[in-house]
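Below: one structure, written as structure tokens.
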Amino acid sequence: MTWVLNGVYLVAAVLFILGLKAMSSPKTAAAGIKWAGVGMVLATLATFFIPGENGGLAYFAPDKTINLVLAVVAIVVGGGVAAWLGKVVKMTDMPQMVAIYNGMGGGAAALIAAVEFTRPVPPTGLHAVLAMLGAFIGSVAFSGSVLAWAKLQGVMGKAVRWPVQNLGNVIHSLVTLGLGIAIVVVGPHPILVVAFFVMALILGLALTSPIGGADMPVVISLLNAFTGLAVGLEGYVLGNPALIIAGIVVGAAGTLLTLLMAKAMNRPLTNVLFTPISGEAQSVDGPGGTMKEASAMDAAAMMRYAESVIIVPGYGMAVAGAQHKVYEMTKLLEAEGVDVKFAIHPVAGRMPGHMNVLLAEAGVPYDQIFDLDEINSDFPLCDVALVIGANDVVNPVARTDKSSPIYGMPILDADKARQCIVIKRGRGAGYSGIENALFFADNTSMLYGSAQQAVAEVVTHIKELS
Ligand code: NAP
């Protein structure tokens, strides 16, 4: 039985890895998530076939009936809630959903360790060390992720800071690890175990509380990596290969994503964690010049008679759900012989791949969508850059103003196009809270309105002109 069980776990792990690989391309991402889901179902079902200590199946032993009932109830309730949330969650609320799911993973890993420490024969030696480390990291990931969820959901304020916070957190970490080491050395005395878990949970809150604004998705990704690590460690403690492999995959993917996001925002990870920006609007003097307003008809005419148009979507397009109208406009322009491309900034929107997912949902072909590195050299040659609900990712001060919080972040060079049209509702700032020099540039016109409605008006006028 054991080798069959391990065989199923191995198949599940292979499905996780193949699924993750497939998720790296929009063409195969939907299939990838299904493969990973099948892997998860297999791994969950296999768990019910774990052999018991006295022969038979552990979950079906007469004295373990309560475990069987609890496991089934947990799967039905947890699976039901997750399926419902997966259907109703808005794309703009995805970061907090990822945060809360991630927190559950970290909490589950910590609970495995808690159960191990309360066994009549608790783990010793390497097993005890790994169980303790998994509990430590899992608890931090759990409470940190729940706090991240609360901030993003608007349940609580953004960033909370206090004096000597970083030093306090270092001391807090050392004391918590000291308690963990005591558990390993003298055994899991209940007072030690409770103190260790309470300290680790508070540490997760303390580490996440000063972080806010644009740094939140980076932190969620980092906590995700923590969860993967905790799950991998507890997988070793339980001798479960599927948990070990899944944990390592999540840990590695989360770490890479964290580093990529920090790089795309030009914020070293140490800065994100130890000198966070708040994300609350800062009063920075606006650039000189005035914003020029354009009508939907002006925008339609500029694009209808252009040879090339590059569309830069941002968070505002996501909030407005304008992607379908944007693609309708694209097809109209192409029918008139205009070359239309989409330029995607790595941190446009509120999560990595946010814009790619929306454009794919609207049916925009993948070969029309270009990353920052691929498309930036096209802007000086293009007639019109149409910025839809994007702000920070096209702010030229990132290139020029050393005092700006986004200085050094690579941006899409929409300002270098011959004409630039910006669709947004008013004078609202971007996520970093600063004014955008692009909006005041001579070659920029502002088309005010919610993205969906503004693009719909442009579509009507393009049809008239055609
Ligand atoms: P942004 O800087 O947040 O700006 C979005 C703009 O959309 C706002 O200026 C707003 O102006 C406009 N807007 C809002 N609702 C709108 C609507 N219904 N219709 C039209 N416009 C609307 O967006 P971004 O350029 O996409 O930049 C993303 C930001 O998130 C960056 O600062 C990035 O560092 C941060 N971030 C992203 C990620 C990620 O993974 N994607 C991760 C970490 C951080 P009005 O209010 O005037 O309309």
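Values in this document were obtained by computation on a predicted structure and should not be read as measured data.
Applying the salt bridge (Lys or Arg N to Asp or Glu O under 4.0 Å) rule to pairs touching residues 376-391 yields K341-D378, D383-R418, sequence neighbours excluded. Screening residues 97-111 for side-chain hydrogen bond (donor to acceptor under 3.5 Å, both in side chains) gives N102-S145, N102-T227 as the qualifying pairs, with residues at least two apart or on separate chains.
One N or O on the side chain of K151 and one on the backbone of I211 form a donor-acceptor pair closer than 3.5 Å. When atom types are taken as modelled, the side chain of D392 and the backbone of I406 share no donor-acceptor pair closer than 3.5 angstrom. A donor-acceptor contact shorter than 3.5 Å links the side chain of E234 to the backbone of A135. A donor-acceptor pair is defined here as one N or O able to donate and one able to accept, closer than 3.5 Å; no such pair exists between the side chain of S143 and the backbone of I202. Without hydrogens or angle criteria, N376 side chain to D413 main chain gives a donor-acceptor distance under 3.5 Å. In this structure a side-chain-to-backbone donor-acceptor pair under 3.5 Å is missing from K90 to M94. A distance-only check finds a donor-acceptor pair linking the side chain of N240 to the backbone of L243 [under 3.5 Å]. A donor-acceptor distance shorter than 3.5 angstrom exists from the side chain of E374 to the backbone of D371, with no hydrogens or angles considered. Listed for the S24 side chain is no donor-acceptor partner under 3.5 Å among the backbone atoms of L20.
If you check the side chains of Y448 and S295, you find no donor sitting under 3.5 Å from an acceptor.
To the nearest 0.5 Å, atoms CE (M261) and CG (L222) are separated by 9.5 Å. Distance check: L45 CG to L5 CG gives 11.5 Å after rounding to the nearest 0.5 Å. Atoms CG and CZ, from L147 and F142 in turn, are 11.5 Å apart once rounded to the nearest 0.5 Å. Atoms OG1 and CD1, from T47 and I75 in turn, are 8.0 Å apart once rounded to the nearest 0.5 Å.
The 12-atom threshold is exceeded at NZ of K292, counting heavy atoms of other residues, nucleotides or ligands nearer than 6.0 Å. For CD of E328, the number of neighbouring non-hydrogen atoms (other residues, nucleotides, ligands) closer than 6.0 Å is greater than 12. The 12-atom threshold is exceeded at CE of M23, counting heavy atoms of other residues, nucleotides or ligands nearer than 6.0 Å. Within a 6.0 Å radius of CD1 in I33, no more than 12 heavy atoms belonging to other residues, nucleotides or ligands are found. Within 6.0 Å of atom CH2 in W84, 12 or fewer heavy atoms from other residues, nucleotides or ligands are found, so the atom counts as exposed in its surroundings.
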Show me, pair by pair, the donor-acceptor contacts under 3.5 angstrom made by side chains of residues 353-363, not counting sequence neighbours?
{"residue": "H354", "atom": "ND1", "partner": "R350", "partner atom": "N", "Å": "2.9"}
{"residue": "E361", "atom": "OE2", "partner": "Q323", "partner atom": "NE2", "Å": "3.2"}
{"residue": "E361", "atom": "OE2", "partner": "H324", "partner atom": "NE2", "Å": "3.4"}

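Here the shortest heavy-atom pairing between I220 and A99 reads CD1-CB, 3.8 Å. The two residues Y407 and R399 make their nearest non-hydrogen contact at CE1-O, 3.6 Å. The minimum heavy-atom distance linking S404 with V397 is given by the pair OG-CG2, 3.7 Å. For the pair S221 and G254, the tightest heavy-atom approach, listed with the atom from each and the gap, is OG-O, 3.2 Å. For N395 against E435, the heavy-atom pair with the smallest separation is ND2-O, 2.9 Å.
Remark: H461 pairs with E464 by the side-chain hydrogen bond (donor to acceptor under 3.5 Å, both in side chains) rule, at least two apart or across chains. The ring-ring contact (aromatic ring centres under 6.0 Å, His included) search around F197 returns none, not counting sequence neighbours. The ring-ring contact (aromatic ring centres under 6.0 Å, His included) check on Y236 picks up H127, with sequence neighbours excluded.
No option in D415, N391, T444 other than N391 meets the side-chain hydrogen bond (donor to acceptor under 3.5 Å, both in side chains) test with N436.
Checked for salt-bridge contact, K325 and E457 miss the test: no charged N lies under 4.0 Å from a carboxylate O.
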